[in-house]
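Read through the structure below, which is laid out as structure tokens, and then see the notes.
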Amino acid sequence: MGNEIKITPAFIRAVYDVVAAIPSGRVATYGQVAERAGIPGAAQEVGQIMSRVKAEQNLPCHRVVNKAGTLSPDHVFGGQERQRALLEKEGIRFTGDGHINMVRYQLSEYEQITLPWS
DNA sequence: CGCCTGACAGACT
DNA sequence: TAGTCTGCCAGGC
């Protein structure tokens, strides 16, 4: 038995919802997003979905980072500096090495995301 | 079909 | 915390 990892429209929508619900000033890992979207282990697929998100969709993709707290490659967000600027603007501080202090800003596994409309 | 790559992650060191 | 290796799966060729 297992969770088939398929990038279905339903999964994509679920990912959008989860990402949209990440509070400003917090970050979530790809794995967390996958889990909350209903398919644990689909972290890489979430990344794939993120890579296809268009700016018009207005999703806070910059709040999704890898578990090490390092930013996305230079070819996205118009450079890491841009993504970093977006996050710092929300109050997230970086270490001297240029990565996020995940212990401090990562959304906790047990923390319920509070949706804007609830 | 196989082979390689990737906005990833867990286990170990 | 950082490297390294391995597992994972979708997609492109």
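So that the names make sense, note that chain A is the first sequence line, chain B the second, and so on, each numbered from 1. Not measured: the values here are computed from a predicted model.
A/D97 places its CG atom 10 Å from the C1' atom of C/dA2, with the value rounded to the nearest Å. Rounded to a whole Å, the CD atom of A/E45 is 17 Å from the P atom of C/dG7. The nearest whole Å value for the distance from the CD atom in A/Q48 to the C1' atom in B/dG6 is 9 Å. Protein atom NZ of A/K67 is 14 Å distant from nucleotide atom P of B/dC8, rounded to whole Å. Rounded to whole Å, atom P of B/dA7 lies 20 Å from atom NE2 of A/H99. At whole-Å resolution of the value, CD1 in A/I7 and C1' in B/dC8 are 13 Å apart. A/I49 has its CD1 atom 12 Å from the C1' atom of C/dC9, to the nearest Å. The CG atom of A/L71 sits 11 Å away from the P atom of B/dC8 (whole-angstrom rounding).
In this structure, A/N101 and A/T95 approach most closely via the heavy-atom pair N-CG2, 4.4 Å.
A/T29 has a side-chain polar atom (N or O) that falls below the 4.0 Å cut-off from OP1 or OP2 of B/dA9. Close to B/dG6, at under 4.0 Å from its OP1 or OP2, lies no side-chain N or O of A/H75. Contact between the side-chain N/O atoms of A/N66 and the OP1/OP2 oxygens of B/dC8 is found at a separation under 4.0 Å.
Comment: A/E90 engages A/R63 in a salt bridge, judged by a side-chain N to carboxylate O separation of less than 4.0 angstrom.
Of the N and O atoms on the side chains of A/Q44 and A/Y30, not one donor lies less than 3.5 Å from an acceptor on the other residue.
Checking B/dC8, C/dG11, C/dT1 against the side-chain heavy atoms of A/A43 singles out B/dC8 as nearest.
Side-chain contact between A/L71 and A/I100 is present, with at least one heavy-atom pair separated by less than 4.5 Å.
Toward the 5′ end of DNA chain C lies the nearest nucleotide of A/Q44, the other residue of the pair A/Q44 and A/R52 mapping further downstream.
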